[in-house]
Amino acid sequence: MIKDLRQISTQTVGLIQEQQDEILKDWIESQLTADTLRLDLMDQKKLEQESKALLKALTAALGGQGRDFTAPNWQAVNGLLKEISEARDKAGFSPTETATFVLSLRHPLVERLLSSKKISSLDEEVWLLLDILDQLAIFTTEVYQRRREATIHRQQEEMEELSTPVVKIWDGILALPLVGTLDTRRSQMVTEALLDAINTTGAEIAIIDLTGVPAIDTRMAQHLMRTVAASRLMGANCILSGIRPQIAQTIVHLKINLGDIKTESTLAAALKTALATYGLKVTVSE
Amino acid sequence: MTLERIAIVKIEECLLVTIQVDMHDRLALTLREDLGERLLTTQARGVLLDISGLDTLDTFIARVLAGISSMAKLLGAETVLVGMQPAVAMTLVELGLTLEGVHTSLDVDRGMALLKKLLV
Amino acid sequence: MIGVVITTPLQSIVVRQDRDISVVRRAVSTHAERLNLSVLSRTRLVTASSELTRNMLVYGGGGVVELKVYRDGERLGLGATFADQGPGIDNVEDALADGFTSGVGLGLGLGGARRLVDQFDIQSSEVTGTSISVAIWLKDDGR
Ligand SMILES: Nc1ncnc2c1ncn2[C@@H]1O[C@H](COP(=O)(O)OP(=O)(O)OP(=O)(O)O)[C@@H](O)[C@H]1O
Ligand SMILES: [Mg+2]
């Protein structure tokens, strides 16, 4: 994320090293008096520990050679910040509160630089330091964001699993009623679920019902054909049912050869065909 | 040079080949040759290729299997490929191979039943 | 977030004869299992590796396969580089197209391999030979 860091001067690094204890003291004090203090979520001892560890790691990283955030010398800071952010997220800190924790180091650090007489090109050094701290603060919010995304992703996946049922409607006959339009990912999941079901149930016929699908795009049509082809390779035959005119047009437009694929107007008709393959027939009992 | 070979078993009118190992190229080619010979000597009318033990199938091996099927046809025998794993089937289709001319079945029993139907 | 992929080498395999293609397949499969790749991902990567190794052998006169762990922030993946010092690929665009072959194949290997993996980089020239890197990311952890 920090792309092209100019190196902090050795003078500055030396100064921060020398005065690490004082900087830490100032930093902790400012945190303890800040509005964002949340002793309800985390005790003071933990706060002191985290501050100390981060400052130490930061000082070491600044002294290293790597110019970007992925270089080995930044790995400790990287890891520590991630740990802290995740723990704070779990404890109930908001992203802003956690970012503020990092940003509140700006004052104590810059103050030390400004009051030192030894630093040449002082302005540049200060901006550089501020820049780095900003980036670190952004990183903490990114950790939050990724945790959120992971959660959403998981939930989405669970929902998708629920909405792609492969049902065994008869011995040897599976049905896959598709609903809505499928994106690439869901198409993949549906196919995987169908092939696995063929494998585990030993069904030789799979009815893919498109009654609930208003329209399909090129990708989905192609994917459907791949599903049929893969099923056939395993030794199972697919019947497509409930194809709407619009879908039929897409298929024709794509010049996909439906020659070998059985199609039926409705799920019921498909079931009848499937049963017939097994020599079965539905009749009304007397 | 080891004489590694895949066993070919005759059951009734059919030759059953169970491929369990990761099949390297030479082994696949040897199998094709062996099968040709056995078809000639036994006059078998069907070939069952059980690949349920194979967890990958690339274009080369797939082409050899398809080649076996067309060769058998020329020698008067039908071939059924049985037991392809779901992930293998998906991957093969993604590669662009659908083995159009080859008969397929879920397992050996059903493959055998299909052969009987094809041979009447 | 970082967008920089870090790779850690796992194993190098020298490819000289067609037997070595199975060696590569087995090695990829083993590492895929260790990394907990799904069966489908593993099959895809093993198959792509098989195609690329065979190309390397047939057209590049053999070479080296380097397996590695890919890391992009939190994401983990398994990848491989196939490098040969052969004549290079004349026209990479053409070679990637389905059905293009300079030999007796179906011309599905290269394009197919690209479809099977998440990451596909190819470098080829008359001077340096051909180097193709592929990877598949682990997908079950919410990314
Ligand atoms: N490592 C390589 N070095 C030089 N040329 C290559 C290399 N890999 C591929 N090619 C070229 O690219 C073409 C396409 O490769 P691709 O794998 O798609 O098809 P193929 O090997 O000819 O057939 P198939 O893989 O379907 O058996 C090859 O015919 C060859 O000319
Ligand atoms: Mg090839």
Side-chain angles (χ1 to χ4, degrees), chain B residues 1-6 17-34 50-71 81-102 104 106, chain C residues 13 15-30 32-33 37-59 62 82 96-101 103-118 120 134 136 139:
Chain B
M1 180 86 213
T2 52
L3 282 174
E4 214 179 346
R5 289 198 131 76
I6 295 170
V17 181
T18 309
I19 301 166
Q20 262 157 345
V21 285
D22 171 272
M23 198 160 44
H24 57 80
D25 298 5
R26 183 99 9 109
L27 198 55
L29 295 171
T30 310
L31 172 66
R32 190 174 63 189
E33 274 167 41
D34 288 355
D50 179 7
I51 57 163
S52 55
L54 269 192
D55 54 14
T56 42
L57 205 52
D58 67 359
T59 56
F60 182 86
I61 304 290
R63 224 177 307 146
V64 173
L65 295 180
I68 286 178
S69 165
S70 359
M71 172 195 71
L81 192 60
V82 304
M84 190 184 292
Q85 292 296 322
V88 175
M90 196 64 229
T91 303
L92 210 53
V93 170
E94 282 167 344
L95 266 181
L97 274 171
T98 48
L99 303 184
E100 293 301 344
V102 183
T104 54
L106 285 169
Chain C
I13 301 163
V15 175
R16 285 205 202 86
Q17 46 174 338
D18 63 7
R19 281 266 181 159
D20 297 330
I21 304 174
S22 330
V23 175
V24 170
R25 279 200 294 259
R26 267 201 304 277
V28 174
S29 185
T30 306
E33 236 164 298
L37 244 63
S38 72
V39 176
L40 186 55
S41 292
R42 182 185 57 189
T43 309
R44 284 185 175 135
L45 189 63
V46 172
T47 309
S49 302
S50 189
E51 294 298 334
L52 296 174
T53 308
R54 183 171 290 104
N55 279 355
M56 196 165 86
L57 194 62
V58 174
Y59 304 109
F82 304 80
L96 277 167
D98 279 353
F100 178 91
T101 177
V104 294
L106 295 170
L108 290 175
L110 206 55
R114 180 167 65 170
R115 274 195 294 278
L116 290 176
V117 297
D118 298 326
F120 187 94
V134 303
I136 279 190
K139 293 187 186 69

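In this text the structure is predicted, and so the values were computed from the model without any measurement. So that the names make sense, note that chain A is the first sequence line, chain B the second, and so on, each numbered from 1.
Of all non-hydrogen atoms in B/Asp22 and C/Ser22, the two that sit nearest each other are OD1-CB, 3.1 Å. When every heavy atom of C/Val39 is checked against every heavy atom of B/Ala87, the shortest pair comes out as CG1-CB, 3.9 Å.
Partners of B/Thr18 according to the side chain to side chain donor-acceptor pair (under 3.5 Å) rule, which considers only residues two or more places apart in sequence or in another chain, do not exist here. By the salt bridge (charged side-chain N to carboxylate O under 4.0 Å, His left out) test, C/Arg26 pairs with no residue at all, sequence neighbours left out.
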- Quick one: do B/Asp55 and C/Thr43 satisfy side-chain contact (heavy atoms from CB on, under 4.5 Å)? Show the steps, please. CA-CA 7 Å; B/Asp55 54 14; C/Thr43 309; 5.7 Å; no
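Side chain of C/Arg115 to main chain of B/Leu95: a donor-acceptor pair is present (N/O by atom type, distance under 3.5 Å, no hydrogens or angles). Between the side chain of C/Arg44 and the main chain of B/Met90, no donor-acceptor pair closer than 3.5 Å is present.
For C/Leu106, the parts sitting under 4.5 Å from any heavy atom of chain B are the backbone and the side chain alike. Of the two parts of B/Leu27, neither the backbone nor the side chain holds a non-hydrogen atom closer than 4.5 Å to a non-hydrogen atom of chain C.
Here NE2 of B/His24 is found 10.0 Å from CD of C/Gln17. Values are rounded to the nearest 0.5 Å.
Residues of residues 46-55 of chain C lying under 4.5 angstrom from chain B, judged on non-hydrogen atoms, are C/Val46, C/Thr47, C/Ser50, C/Glu51, C/Arg54 in numerical order. For residues 59-68 of chain B, a heavy-atom distance under 4.5 Å to chain C picks out B/Thr59, B/Phe60, B/Arg63, given by residue number.
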